[in-house]
Every structure is written in structure tokens, then in C-alpha cells.
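Following: one structure in C-alpha cells, then a few remarks.
Small disclaimer: the values here were computed from a predicted structure and weren't measured. Each ligand, and each atom within it, is numbered from 1 in the order the structure gives.
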Amino acid sequence: MSPMPASSNSPEPRRVRVLLPLPLAGAYDYAVPLGIAAEPGDFVTVPLGQRDVIGVVWDPREAADEAPIDADRLKDVVCRLDAPPLPAALRHFVDWVAGYNLSPPGAVLRMAMRSPEALEPPRPRIAYRLGGVLPDRMTAARRRVVAVLEDGPPRMPADIAETAGVGVSVVRGLIEAGALLPVELPAWPDYPMPRCDENRPELSAAQQAAADALVANVADESFSVALLEGVTGSGKTEVYFEAVAAALRDGHQVLVLLPEIALTAQWLDRFQARFGVPPVEWHSDIKPPQRRRAWRAVADGSAKVVVGARSALYLPFAELGLIVIDEEHDASFKQEDGVHYHARDMAVVRASLEDRPIVLASATPSLETVSNAQAGRYARLHLPARYGGASLPDIVTVDMRATPPPSQRWLSPPLREAIGEALERGEQTMLYLNRRGYAPLTLCGACGYRLQCPNCSTWLVEHRLAGRLMCHHCGFARSAPTACPSCEAEDSFRACGPGVERLAEEVAELFPDARAAVMTSDTVHGPADATALVRAMAAHELDLLIGTQIVAKGHHFPLLTLVGVVDADLGLEGGDLRAAERTYQLLSQVAGRAGRAEHPGRVMLQSYQPDNPVMQALVSGDRDAFVEAELEARRAAGMPPFGRLVALIVAGPHLDRVRDTARALGRAAPSGPDIEVWGPAPAPLAMIRGRHRQRFLLKTAKSVSVQNVVGDWLARVKPISSVRVIVDVDPYSFL
Ligand code: ADP
Ligand code: ZN
């Protein structure tokens with residue numbers, strides 16, 4: 001691994017640029033020893049300092065890239081890995097995402113290398129069967145293992161343990177005792193082919209027209225963007241499934257991105273019902289062996305339909321034919337740690353680099369997408385009504401000033417009455433409140449002292465079920481103090497305002513016979529829990545579901561006829577750029593859960609400002625007027641989608657250094673006719689996880705290249721040590 005000797009008569013070694021999955025400024029040069037093939041896209045091991053790192057041979061240098069290093073300092077590539085190369089389109093995509101979001105390309109590459117096991121040679125798969133002598137001591141757990149193997153084929157240990165409901169150590173014990181015998185399994189079989197033509201639904205005329213347009217895009221095999229817009233229940237999923245089928249018939253692969261939380265069992269069930277096989281899943285809960293299998297099958301083209309969260313965008317598709325972004329307006333497509341990027345926007349870029357169509361589906365498209373459609377850049381396909389004559393729910397506001405709930409209660413008399421009626425009819429209710437825990441605020445009744453997180457500038461939230469006070473930003477938790485730290489009053493802490501747990505208490509008091517459950521990220525730990533709750537609701541084992549955002553998405557419950565939004569004004573607080581838009585989207589999504597089948601649905605929005613344009617638009621169902629008014633306001637203010645924003649967050653553990661760096665950035669701030677810079681100012685969340693935070697917001701005209709402006713700006717200031725400057729292009733959070 002020593003550098004090549006730089007003798008004057010030996011020829012200059014072949015050199016390649018290797019991008020490492022690390023936040024470095026660019027790719028590094030390495031020499032390729034004779035006998036090693038290293039072409040762009042190949043995975044290679046190279047030395048970096050004292051260690052060996054896996055990277056990707058990158059494309060040859062362009063003039064603007066970093067300067068080449070001297071030949072005598074060049075180190076050798078150690079070896080090339082036996083893994084499929086990273087396709088050229090994906091390499092360009094990595095560079096593009098890095099350039100647009102002002103991130104190191106290696107940090108983006110890291111997202112494309114989230115499956116290190118995929119790069120290793122396949123390990124033999126050893127399964128076990130019965131056949132040896134059973135030990136004398138047969139516990140109940142051991143007997144379950146034997147029972148599983150008695151009526152099934154040989155299986156791998158983890159699989160046996162899961163099916164038998166025992167720990168893997170039980171299986172290992174039986175293997176060591178010689179009771180189970182090894183059998184080598186063939187490499188993973190190919191994923192089963194989706195069957196496109198077996199369960200095609202009869203489409204309505206409007207659905208057919210939209211499907212035809214999407215199918216034509218797929219047949220074109222070139223870049224295009226279609227917005228598929230239609231109220232919840234209008235059949236958007238069925239329609240884009242036709243485009244999926246068309247791509248599959250042409251032998252292409254399809255990528256479907258869903259907002260993380262909506263990766264629900266219900267979507268997977270519907271895919272299976274339509275195509276006869278499950279899709280290939282890609283998200284953080286997929287285990288390493290399945291990741292390896294999926295990654296490799298995506299790379300060789302045998303994984304036909306991949307459904308995933310944001311990270312699936314960086315998979316090495318061999319022959320991508322179509323991308324679908326469902327719920328394209330969803331805020332969870334914006335990643336706000338590590339590389340800050342918007343997965344919907346980057347998906348459009350990926351489609352364009354692959355020269356293939358993309359479909360953006362939503363009942364409430366983002367203003368960015370609407371404005372692209374209005375400008376003719378995106379084709380707009382519209383499904384006007386719910387499928388099968390199901391009517392849209394009747395939405396009303398409950399004026400909390402006129403009909404307030406009793407003190408320390410949160411359900412107004414009209415909503416309580418409606419819940420009682422729904423229960424009597426044997427129908428289901430959903431109560432939506434986007435506040436986890438028991439109460440958002442806990443304070444001392446004697447002196448008003450509030451309990452703050454030691455690491456963040458936020459108040460602690462009481463979680464009564466867990467018996468703790470918690471910080472929702474850093475996870476800090478403590479038990480409630482018995483005496484107030486400020487005035488020393490005993491048992492003086494009082495809950496202020498409602499969280500879902502407190503709401504559940506009120507429901508239990510009002511409707512003691514109702515079967516109710518709470519659904520939040522505290523009660524749902526992973527997809528299995530979510531599936532269990534959703535199935536229980538769908539099977540009418542529950543009368544009432546109380547939940548946060550998690551209940552808003554994608555579910556289809558035929559008996560759900562009443563949705564109560566406990567605090568419809570909540571999202572309007574704080575009032576950032578998208579507060580109204582987001583509130584409208586979220587509330588109409590929650591409302592869309594009601595009356596999806598033959599029973600008509602009703603939605604009650606509890607509000608202290610029923611005249612607010614958001615509430616008015618929801619009640620009248622006039623989304624177009626609301627969207628036009630919002631767009632007009634954005635245009636007048638030069639805000640996105642008509643102007644550009646970039647946020648800089650200066651963060652670090654020492655306030656003085658953060659301030660000094662922020663001031664230096666302030667002095668070096670860009671200026672110009674179409675450029676405004678606000679800041680530095682302490683962020684609304686001035687501290688998170690022990691890091692002080694100051695913010696800048698850069699606003700420019702649409703014509704300005706913010707990447708150049710911000711790139712130059714950052715190059716003029718070197719952050720003081722321990723201080724980081726985080727760049728957020730097209731920010732969605734202003735906290
Ligand atoms: P969206 O995605 O717009 O909310 P879905 O595609 O989920 O709408 O459709 C809502 C419901 O109507 C689903 O249960 C779906 O199976 C059903 N549906 C929609 N279109 C059809 C159709 N053409 N034939 C049969 N069922 C349909
Ligand atoms: Zn905290």
C-alpha cells in the first residue's frame with residue numbers, strides 16, 4: 001500500500017478518482033495497479049489514512065473539480081469488489097443532489113451505500129432439518145422447534161425461531177446437540193414476477209382517461225412529470241397501478257415512494273391483491289440479509305417493483321421505467337438531518353437523469369407542484385369524484401367560543417353528541433389531536449415554574465402512561481418531581497392543555513363502554529404494531545381511535561363515519577410560510593378518513609377561528625380558491641414557489657463560538673438587487689441536544705443561482721472549531 005515509486009523512467013500509473021462515502025470535499029485520486037480493473041461505477045477498497053475504506057470509482061475529472069494530486073503521493077487501489085457497479089445515472093444523480101443541496105458528494109453517496117452487506121460476496125445459506133437424535137431434555141420451546149420442522153421444509157435458524165416463537169439460542173442449542181442437520185440452500189430465488197393482467201379493476205371513465213395518459217407516458221420511455229390529483233378515495237392508487245403494469249409489461253422496473261408512515265400494510269395488501277405478489281420493500285426496518293437481496297436484485301433488474309421511503313431513491317436500478325411519488329405533498333419527504341433534501345424534488349431529478357416518467361399523486365398537491373402544473377411543466381390529470389358514488393364527508397366547524405367544552409375538558413358539546421350518536425349506530429369515530437403525551441405543558445400551580453429540558457430550549461411533556469416527563473426533541477426523560485424546584489411547594493405540578501392521553505381519559509369518562517385505543521409514535525413501535533391497530537380498527541374491534549398525525553394517512557376504514565379534529569387551529573400557530581397550506585393538507589387528509597364506503601361521513605373541526613380561510617376552504621370544499629389565494633400571497637411576497645429560500649443553521653456546543661461564527665457569516669453575507677439576507681438571529685429553538693443555534697434565511701429571486709451565491713458565501717468564512725454550518729436549500733422548517 002505504499003505510494004508508487006516515482007522514478008522518472010517508469011510510466012505514470014493509471015489513475016482514477018474514487019468517491020468515498022464520507023463528508024469530504026470531493027473524490028480522491030488513486031493509482032490502479034496492473035491487474036486490477038477499475039472502471040467508473042466499480043466498488044473498490046482504497047487506503048485512507050490508517051484504514052481501508054470502500055468507495056466508488058467516479059467519473060473522470062472535469063475542469064471545475066479539485067486539482068489532481070502529485071503522482072508520487074498517489075496510493076494504490078487495494079482491490080475491486082465483486083459487486084455490480086453503481087450505474088452512471090445514479091452517479092450523476094449523486095453529484096446532482098450534492099450540488100443542488102450544497103452537500104459533500106460523499107455524504108450523498110453514503111445514502112446509496114446503506115447496504116454494505118450488498119457489496120460482500122454471497123454467504124452460503126445454511127438451513128436445518130430434523131434427522132438427528134433429539135436430546136433427552138426436551139423443553140416446551142424445543143418441542144415447538146421440532147413441531148415447526150416436522151411439517152415444513154428446511155429453514156434457516158432465524159426463520160425457525162420466529163415461526164416457533166422461540167429465541168434463536170433454542171435453535172442453536174438443538175443444532176449443537178446434533179438434533180438438527182444442515183442443508184445448503186441455493187442462492188436467493190428471484191422475486192416472483194408481478195402479474196399485471198389478472199386482477200385489473202373496471203375503471204370509471206375519468207380513471208381510464210387518467211390511466212391512459214400515464215400509460216402513454218410510460219410508453220414514451222422519456223422524461224415527463226404528471227400530477228395525478230383527486231380527492232381521497234377517487235382511485236389514484238388504482239390509476240397509477242395501471243402505469244406500473246404498463247412499465248412491467250415493457251420489462252422495466254418501478255420505484256414507488258410513500259411517506260414513511262404511510263408504508264402501511266393496507267397499501268401492501270392492495271398491491272398484492274392487484275399484482276398477485278408482494279412488492280420489494282426498502283426502508284429502515286428491513287434486515288441486512290433482505291437488504292442485500294433487495295439491493296442486488298434492484299441492480300440486476302430482477303426486483304421489479306420497489307416500494308420505499310426516501311432512501312429508496314438511491315437504489316441502483318438497472319432499468320428504471322417509472323417513478324411514483326404518492327402523497328407528494330407530504331412533509332416527511334423532506335429530510336432534515338444529514339444531507340438536507342426534498343425526496344420529491346430529487347425524484348423528479350432522478351426521473352429526468354434516467355429519462356423516464358414520474359407521477360406525483362395527491363389529493364392536496366403542494367403549491368410548488370401546482371405552480372409547476374400551471375406553468376405547463378407538469379401535466380395535470382384530475383379525478384373529480386370519489387369512486388363508486390361514495391360521497392365526500394360533510395365538513396363543519398364547531399365554534400369553540402360559542403359552544404365551549406367544560407373547564408379542563410376538550411370535547412365540545414356538539415362533538416360529544418355526535419360521538420354518542422355514532423356509537424349508537426354501531427359506527428366508528430376517529431379523534432385527531434397532534435399532541436403526544438398527556439399534556440403539552442406542566443407547570444407549578446403555586447409559582448408557575450415550568451419544567452424545561454436540560455438539553456433543549458423546550459418544555460417537557462408529560463407522558464402519564466409511561467409515568468415520565470419527556471423532551472420531544474432529544475428524548476430526555478425524567479420522573480415528575482415531588483416538590484417544585486423553584487418554590488418547593490409539594491405536589492404542585494398541574495397539566496395544562498390536552499394531549500392524546502388526556503383525551504383518552506375524557507373519552508373513557510364520557511363513553512365508558514366504547515372500545516377505544518390511542519395511536520401515536522409512543523404506542524406504535526414499528527410497522528407490526530401499526531398493522532395490528534389498523535387491522536383491529538378495520539375489523540371493528542374498536543369503536544374509537546384517538547391519534548396524532550399517524551392516524552391521518554392512507555387508512556381505509558369502512559365503518560368510520562365521524563372524524564373529530566380536537567384542535568383544528570393547532571397547525572396555524574407559529575405561522576411559518578406553509579402553515580396554512582400544511583394545515584389544509586393535513587386536515588383534509590384526516591377528514592378523508594371519514595365515510596369512505598357506503599355510509600356517509602361527517603367531520604367536525606373544533607376551532608376558535610372558524611372564519612380563518614383554511615377552515616372556510618375546508619367547509620366549502622373550494623380548494624381551488626384557497627390554493628389561488630395562497631399562491632397569490634406567495635407571489636406578492638416573492639416566496640416559494642416564486643422565489644428561492646436557503647436557510648443556514650449555525651450550531652455548536654459553545655454559545656460564544658456559535659455567535660462569533662454567525663457574526664462572521666453576517667459580515668460576509670451576499671448582497672445584490674435580488675438577494676435578501678435575514679439574520680443572524682437565535683433560532684426559535686435556540687438550543688437542541690445541547691447545541692446552540694443561530695439562523696440565517698436567504699431569499700432571492702427565482703433567477704438567482706442560490707448554489708453559487710451560498711457556495712461563495714460559505715467559502716469566505718471558516719467556522720470556528722466545534723461550530724457547524726448546516727445548509728438547508730428550500731427549507732420547510734424554520735425552527
Ligand atoms: P385514492 O388513492 O385516490 O385515495 P384509492 O385508489 O385508494 O383512492 O381508491 C379508494 C377505494 O376505491 C379503494 O378501496 C379502491 O380499491 C376502490 N376503487 C377505486 N377505483 C376502483 C375501481 N375502478 N374498481 C374497483 N374499486 C375501485
Ligand atoms: Zn431535549
Side-chain angles (χ1 to χ4, degrees), residues 199-212 214 227-245 256 258-259 262 264-275 324-330 359-365 381-393 436-437 450-461 463 468-478 534 538 552-560 585 588-599 601 653 683 685-693 735:
N199 292 308
R200 302 181 66 169
E202 201 62 49
L203 296 183
S204 71
Q207 290 177 336
Q208 191 64 54
D212 289 346
L214 296 183
L227 164 60
L228 178 59
E229 186 178 3
V231 293
T232 50
S234 58
K236 295 184 294 296
T237 314
E238 299 295 346
V239 167
Y240 73 66
F241 275 174
E242 290 310 296
V244 172
V256 181
L258 303 181
T264 57
Q266 287 201 338
W267 193 95
L268 299 174
D269 288 350
R270 282 186 58 190
F271 184 91
Q272 169 114 27
R274 172 68 176 81
F275 292 99
V324 177
I325 312 293
D326 204 346
E327 311 285 6
E328 70 88 31
H329 64 277
D330 197 283
V359 180
L360 310 178
S362 174
T364 52
L381 306 172
H382 194 236
L383 301 178
R386 279 192 162 177
Y387 173 75
S391 51
L392 277 170
R436 291 162 55 203
R450 308 171 187 192
L451 290 164
Q452 199 182 345
C453 173
N455 312 317
C456 309
S457 40
T458 52
W459 312 119
L460 295 180
V461 175
H463 285 244
R468 306 182 82 64
L469 296 165
M470 286 175 32
C471 170
H472 287 174
H473 291 279
C474 72
F476 171 87
R478 60 167 291 176
V534 168
K553 316 220 171 161
H555 309 299
H556 180 59
F557 303 122
L559 276 178
L560 177 66
Q585 286 162 341
S588 63
Q589 195 160 22
V590 181
R593 300 307 115 213
R596 304 250 304 177
E598 58 272 22
H599 309 276
L685 279 172
M687 184 161 87
I688 298 183
R689 293 171 194 271
R691 289 176 183 281
H692 300 273
R693 306 164 77 243
L735 292 178

Could you check if a side-chain atom of [X] sits within less than 4.5 angstrom of a side-chain atom of [Y], using non-hydrogen atoms only?
X: Val256; Y: Phe271; value: no
X: His329; Y: Leu360; value: no
X: His472; Y: Thr458; value: no

Among all residues two or more places apart in sequence or in another chain, which pass the side chain to side chain contact (heavy atoms under 4.5 Å, CB included) test with Gln272?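 Side chain to side chain contact (heavy atoms under 4.5 Å, CB included) check on Gln272 returns Pro278.
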Let me know which of Leu214, Leu381, Val359 forms a side chain to side chain contact (heavy atoms under 4.5 Å, CB included) with Val239.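 When Leu214, Leu381, Val359 are each tested with Val239, the side chain to side chain contact (heavy atoms under 4.5 Å, CB included) holds only for Leu214.
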Is the shortest distance from a heavy atom of Val231 to ligand 1 less than 4.0 Å?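 In this structure, Val231 qualifies as a contact of ligand 1 - some heavy atom is under 4.0 Å.
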So between Glu238, Arg270, Arg200, Glu229, whose heavy atom ends up nearest atom 5 (P) of ligand 1?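 Going through Glu238, Arg270, Arg200, Glu229 one by one, Arg270 has the nearest heavy atom to atom 5 (P) of ligand 1.
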Any idea which of Ala206, Ala273, Gly233, Pro558 brings a heavy atom closest to atom 10 (C) of ligand 1?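 Considering heavy atoms of Ala206, Ala273, Gly233, Pro558, the nearest to atom 10 (C) of ligand 1 sits in Gly233.
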Check whether [X] reaches the backbone of [Y] with its side chain - one donor and one acceptor, N or O, closer than 3.5 Å.
X: Arg386; Y: Thr232; value: yes
X: Arg689; Y: His473; value: yes
X: Arg691; Y: Met687; value: no

Is it the side chain (CB and beyond), the backbone, both or neither of Pro201 that lies under 4.0 Å from ligand 1, heavy atoms counted?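 Near ligand 1, Pro201 shows its side chain, while the N, CA, C and O stay back.
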Does Glu202 approach ligand 1 within less than 4.0 angstrom via side chain, backbone, both or neither, non-hydrogen atoms only?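 Near ligand 1, Glu202 shows its backbone, while the atoms from C-beta on stay back.
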May I ask you to list the protein N, O or S atoms found at less than 2.8 Å from the Zn ion (ligand 2)?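 Protein N, O or S atoms closer than 2.8 Å to the Zn ion (ligand 2): Cys453 SG, Cys456 SG, Cys471 SG, Cys474 SG.
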For ligand 1, which is the ligand I care about here, please tell me if Thr232 has any N or O atom under 3.5 Å from one of the ligand's N or O atoms.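 Checking ligand 1 against Thr232, no N or O pair falls under 3.5 Å apart.
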Considering distance alone, does some N or O of Gly235 sit under 3.5 Å from an N or O of ligand 1?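 Yes; the residue has a nitrogen or oxygen that sits under 3.5 Å from a nitrogen or oxygen of the ligand.
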Under the rule for salt bridge (charged side-chain N to carboxylate O under 4.0 Å, His left out), what residues qualify as partners of Arg436, not counting sequence neighbours?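 Salt bridge (charged side-chain N to carboxylate O under 4.0 Å, His left out) check on Arg436 returns Asp522.
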Using a strict cut-off of 4.0 Å, indicate which atoms of ligand 1 neighbour a heavy atom of Leu203.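 Those qualifying, in numeric order: 23 (N).
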Can you list the residues that meet the side-chain hydrogen bond (donor to acceptor under 3.5 Å, both in side chains) rule with Glu229, with sequence neighbours excluded?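 For Glu229, the residues satisfying side-chain hydrogen bond (donor to acceptor under 3.5 Å, both in side chains) (neighbours in sequence not counted) are Arg380, Arg623.
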